[in-house]
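See below for the structure under consideration.
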Amino acid sequence: MTTSKRPLRALALTATALGALTLTACGTQGAAGEPAATAAPAAVTASPSPRMLSGKDLERHPDPIVRAQAIALRIANTCVPGSAIELPPLPAVSHVAEAAAPYGTDEPPTPAVPPGHGGDLPPVPMELPSDLPEPPDPAATVSHDEEPLTAADRCAADAHADRVRAAFTTAPADEAALRKTLTGLDYLPESVHRMPGGGPLRVRIDLRDLSPNDSLALELTATATGVRVDAFGAPIEGDPDITRIVREPASS
């Protein structure tokens with residue numbers, strides 16, 4: 001499987017930030033926000049480590065993005081063990097919420113100004129090489145054609161499709177009802193896109209940001225008894241709109 005040119009939704013960074021935030025919150029401060037005096041070694045006691053969440057706990061995390069990526073990573077690793085990075089353990093949210101703001105305020109610190117500039121620095125022009133080539137036209141590299149799925153992609157698609165079909169035991173009453181069910185399955189609302197045009201209710205779930213399966217997307221069509229789920233490959237080059245990907249005609 002090739003490395004995605006669209007990185008996952010920065011969950012590893014989020015996890016790192018949460019861990020750092022916990023460490024900041026656990027720092028020792030005095031009542032006025034100043035560092036407390038160092039205690040004698042005999043009086044120092046170790047603070048209890050925050051409870052860390054891992055594995056299936058992450059699929060029940062309060063952050064919907066954490067839940068969505070944890071599910072996608074588990075599915076990918078079920079299809080090809082060891083193929084997807086695992087989310088690092090995250091501290092429970094209750095251990096992170098009371099982190100102290102730096103500098104005792106919610107405002108970011110004012111950057112230092114070099115002496116003699118009076119705090120109002122003029123913009124510094126950037127000189128570019130005279131032989132710099134013209135940047136490529138983004139529209140010229142965007143493909144709107146469906147891509148084939150690899151065997152690993154197809155395995156992950158089947159797992160996602162099974163989850164979705166099992167949740168729709170009856171036809172969705174409308175788009176709002178369909179979206180509510182998908183949200184309950186931990187598919188992010190911003191990843192669900194209504195398809196234009198008439199006919200049956202049809203949406204696409206864009207999994208390119210969250211799934212290790214780079215180009216994976218699902219198309220859901222409402223039926224009389226539930227939904228039909230079709231998986232397809234959406235190109236990532238140029239980040240084309242998921243609703244404009246042209247599907248190949250279904251083989252008879």
Would a single hydrophobic cluster contain both [Y] and [X], if residues Ile, Leu, Val, Met, Phe, Trp and Tyr are joined by side-chain heavy-atom contacts under 4.5 Å?
| X | Y | result |
| --- | --- | --- |
| V164 | L188 | no |
| L207 | L182 | yes |
| V227 | L216 | yes |
| L73 | L90 | yes |

Rounded distance (nearest 0.5 Å) linking atom [atom1] of [X] with atom [atom2] of [Y]:
| X | Y | atom1 | atom2 | value |
| --- | --- | --- | --- | --- |
| H144 | T243 | NE2 | OG1 | 9.5 Å |
| D230 | E219 | CG | CD | 6.0 Å |
| S215 | L149 | OG | CG | 6.0 Å |
| F232 | L218 | CZ | CG | 8.0 Å |
| Q69 | I85 | CD | CD1 | 6.5 Å |
| L220 | R179 | CG | CZ | 11.0 Å |

Non-hydrogen atoms of [X] and [Y] that approach each other most closely:
| X | Y | result |
| --- | --- | --- |
| A222 | P200 | O-CB, 3.8 Å |
| I242 | A234 | CD1-CB, 3.6 Å |
| A167 | T181 | CB-CG2, 3.8 Å |
| S83 | A76 | OG-O, 3.5 Å |
| A156 | C79 | N-SG, 3.3 Å |
| D186 | E59 | OD2-O, 4.1 Å |

Between [X] and [Y], is there a donor-acceptor pair closer than 3.5 Å when you use the side chain of the first and the backbone of the second?
| X | Y | result |
| --- | --- | --- |
| R208 | P235 | yes |
| R163 | L185 | yes |
| N77 | A84 | yes |
| R67 | H61 | yes |
| R194 | E175 | no |

query: Considering only heavy atoms from C-beta outward, does the side chain of S191 approach that of D209 to under 4.5 Å?
result: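 Side-chain contact under 4.5 Å: no.
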query: So does R244 have more than 12 non-hydrogen atoms from other groups sitting under 6.0 Å from CZ?
result: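 No.
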- prompt: Is there a side-chain contact (heavy atoms from CB on, under 4.5 Å) between F168 and V229 once you walk through the steps?
  reply: CA-CA 11 Å; F168 287 94; V229 185; over 6 Å; no
- request: Tell me, with the steps shown, if D206 and H193 meet side-chain contact (heavy atoms from CB on, under 4.5 Å).
  value: CA-CA 8 Å; D206 190 351; H193 303 267; 4.2 Å; yes
- request: Let me see the working for L201 and D174 under side-chain contact (heavy atoms from CB on, under 4.5 Å), right down to the final yes or no.
  value: CA-CA 8 Å; L201 172 62; D174 50 25; 5.8 Å; no
